[in-house]
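So that the names make sense, note that chain A is the first sequence line, chain B the second, and so on, each numbered from 1.
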Number of protein chains: 2
Amino acid sequence: MMKISKKTQYGLRAMICIAREYGAKTPITVKSISEKEAIPFDFLEKIVSRLEKASLVKGRKGVQGGYMLSRPPAKISAKNIVSALEENDAPVNCRLCGRKSVCSSKNVWKKIENSLNSTLNSITLQSLLK
Amino acid sequence: MMKISKKTQYGLRAMICIAREYGAKTPITVKSISEKEAIPFDFLEKIVSRLEKASLVKGRKGVQGGYMLSRPPAKISAKNIVSALEENDAPVNCRLCGRKSVCSSKNVWKKIENSLNSTLNSITLQSLLK
DNA sequence: TGAAAACCGACTAATATAGTCGGTTTTTAT
DNA sequence: ATAAAAACCGACTATATTAGTCGGTTTTCA
Ligand code: FES
Ligand code: FES
């Protein structure tokens, strides 16, 4: 039911990995994350690049390059991460419902969406480091 | 993010439809539900049949046949319906994680699962009829 | 006895996810 | 200077899941 994609699972694990290095001088490489977490390198690269586009992470090219958090772990929520990686943000896209005016079930999906969001918002990377 | 399948969306709408007839002498047909709700007939038949296997609904064959609720609307939750229709009940299947012992993210998915379940459990068909 | 319904399983089509590949660009240590 | 190591990028392929279809059989009732 409502599966979380591998992309998002990998993404969260990668972010935790990067967060552990917060404060270090040198950034952490995708290669190193992929080894530590047993995530396919090429796939992970794509994932981290989306996290960068969402400004959660900052990359540095070249030798000694890698990624680092773009802000403190306390300022990054699970919701930030999930939103960066999933396109359709809601469990049900009501725009496609067609029967919106008489739709008997929309309240159910709205409640789910709300409870999901508030749960995700309440979790910070900081809180996951312990 | 975590899309609810059409199967489940249709299923909930069908259940609400059937619930509206609770107390009537004659059951409601799949054909009639499919017309009212603009859901493909053949697909809906399969869905309702799963709802029956989960004992949420009872079918009667033949002329004047159809489906009716197997218990009062107050005794059927959104969770009952969703569970009947989706195979993998949890957003993340930790059995497949492989890194369970060191998995940094499982608490996130557990929290989501819990909040989802408690939301779904709190909604009854009864409450959706108003 | 025939029509209307549920009931059933196998099939196909469409879409989404997961993963791969072959490159280009930037940076830094030597 | 240059070579290696890394990010960065887009197009591609494979696999899995979802959505929907089809051709029947069985049961019930008027
Ligand atoms: S309006 Fe959202 S599911 Fe119908
Ligand atoms: S143990 Fe559940 S995601 Fe790793």
Side-chain angles (χ1 to χ4, degrees), chain A residues 1-11 13-14 18 21 25-35 37-68 70 82 85-89 91-93 96 98, chain B residues 1-11 13-14 18 21 25-35 37-68 70 82 85-88 91-93 96-98:
Chain A
M1 171 237 287
M2 294 184 67
K3 266 217 316 259
I4 298 274
S5 65
K6 285 247 187 277
K7 184 166 62 174
T8 299
Q9 294 180 47
Y10 290 163
R13 278 159 60 193
I18 298 168
E21 306 291 294
K25 287 164 230 143
T26 52
I28 183 172
T29 67
V30 171
K31 180 149 169 285
S32 137
I33 300 171
S34 97
E35 279 161 3
E37 294 288 328
I39 297 169
F41 174 84
D42 291 304
F43 194 22
L44 184 57
E45 228 181 13
K46 242 178 32 175
I47 292 167
V48 176
S49 129
R50 296 193 63 156
L51 293 168
E52 168 159 57
K53 291 213 179 79
S55 305
L56 300 181
V57 115
K58 236 193 93 209
R60 201 168 76 204
K61 285 180 173 183
V63 175
Q64 308 266 30
Y67 287 95
M68 47 189 12
S70 64
V82 171
L85 297 171
E86 305 277 335
E87 9 262 64
N88 40 350
D89 233 55
V92 167
N93 187 342
L96 306 172
Chain B
M1 173 239 286
M2 295 182 69
K3 267 216 317 259
I4 297 272
S5 66
K6 286 249 188 273
K7 184 166 62 173
T8 299
Q9 294 180 47
Y10 290 162
R13 277 159 63 194
I18 298 169
E21 307 290 295
K25 285 164 237 146
T26 53
I28 184 173
T29 68
V30 170
K31 181 149 169 284
S32 139
I33 300 171
S34 98
E35 280 162 1
E37 294 288 329
I39 298 169
F41 174 84
D42 290 305
F43 195 22
L44 184 56
E45 229 181 12
K46 241 176 35 171
I47 292 167
V48 176
S49 128
R50 296 192 63 155
L51 294 168
E52 169 159 56
K53 289 213 181 79
S55 305
L56 300 180
V57 114
K58 237 194 90 209
R60 201 167 75 204
K61 285 180 173 182
V63 175
Q64 308 266 31
Y67 286 95
M68 46 187 16
S70 65
V82 170
L85 297 171
E86 306 276 336
E87 9 262 66
N88 41 350
V92 168
N93 188 342
L96 307 171
C97 177

Name the closest nucleotide to the E52(A) side chain, picking from dC8(D), dC7(C), dG19(C).
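Between dC8(D), dC7(C), dG19(C), the one nearest the side chain of E52(A) would be dC8(D).
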Can you tell me which nucleotide in dT21(D), dA18(C), dC7(C) comes closest to the side chain of P40(B)?
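Out of dT21(D), dA18(C), dC7(C), the nucleotide with an atom closest to P40(B)'s side chain is dT21(D).
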With sequence neighbours excluded, what pairs up with E37(A) under the salt bridge (charged side-chain N to carboxylate O under 4.0 Å, His left out) test?
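Listed in chain order: R13(A).
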Give a yes or no on whether the backbone of [Y] and the side-chain of [X] come within a donor-acceptor separation of less than 3.5 Å.
| X | Y | value |
| --- | --- | --- |
| Q9(A) | I4(A) | yes |
| Q64(B) | T26(B) | no |
| S34(A) | P40(A) | no |

Take atom [atom1] of [X] and atom [atom2] of [N], then tell me their distance rounded to the nearest Å.
| X | N | atom1 | atom2 | answer |
| --- | --- | --- | --- | --- |
| L51(A) | dC8(D) | CG | P | 12 Å |
| I33(A) | dA6(D) | CD1 | C1' | 13 Å |
| R50(B) | dA19(D) | CZ | P | 12 Å |
| I4(A) | dA16(D) | CD1 | P | 21 Å |

Using a 4.0 Å heavy-atom cut-off, write out nucleotides 22-30 of chain C from 5' to 3' as B (base contacted by protein), S (sugar-phosphate only) or - (no contact).
---BBBBS-
When you match S49(B) and T29(B) each to their closest nucleotide on DNA chain C, which lands nearer the 5' end?
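The residue whose closest nucleotide sits nearer the 5' end is T29(B).
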Hey, is the side chain of Y10(A) poking within less than 4.0 Å of OP1 or OP2 on dG19(C), counting only N and O atoms?
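Answer is yes, contact under 4.0 Å.
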Please tell me if Y67(A) has a side-chain N or O lying less than 4.0 Å from either OP1 or OP2 of dA6(D).
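Result: no.
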Polar atom pairs between nucleotides 12-17 of chain C and protein, under 3.5 Å, N or O only, would you list them?
none

Assign V30(A) to base, sugar-phosphate, or nothing according to its heavy-atom contacts below 4.0 angstrom with the strands shown.
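The answer is sugar-phosphate, as V30(A) gets under 4.0 Å only of primed atoms, P, OP1 or OP2.
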Is it true that, when you exclude K58(B) itself, more than 12 heavy atoms of the residues, nucleotides or ligands shown sit nearer than 6.0 Å to its NZ?
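Counting other residues, nucleotides and ligands, NZ of K58(B) stays at 12 neighbours or fewer.
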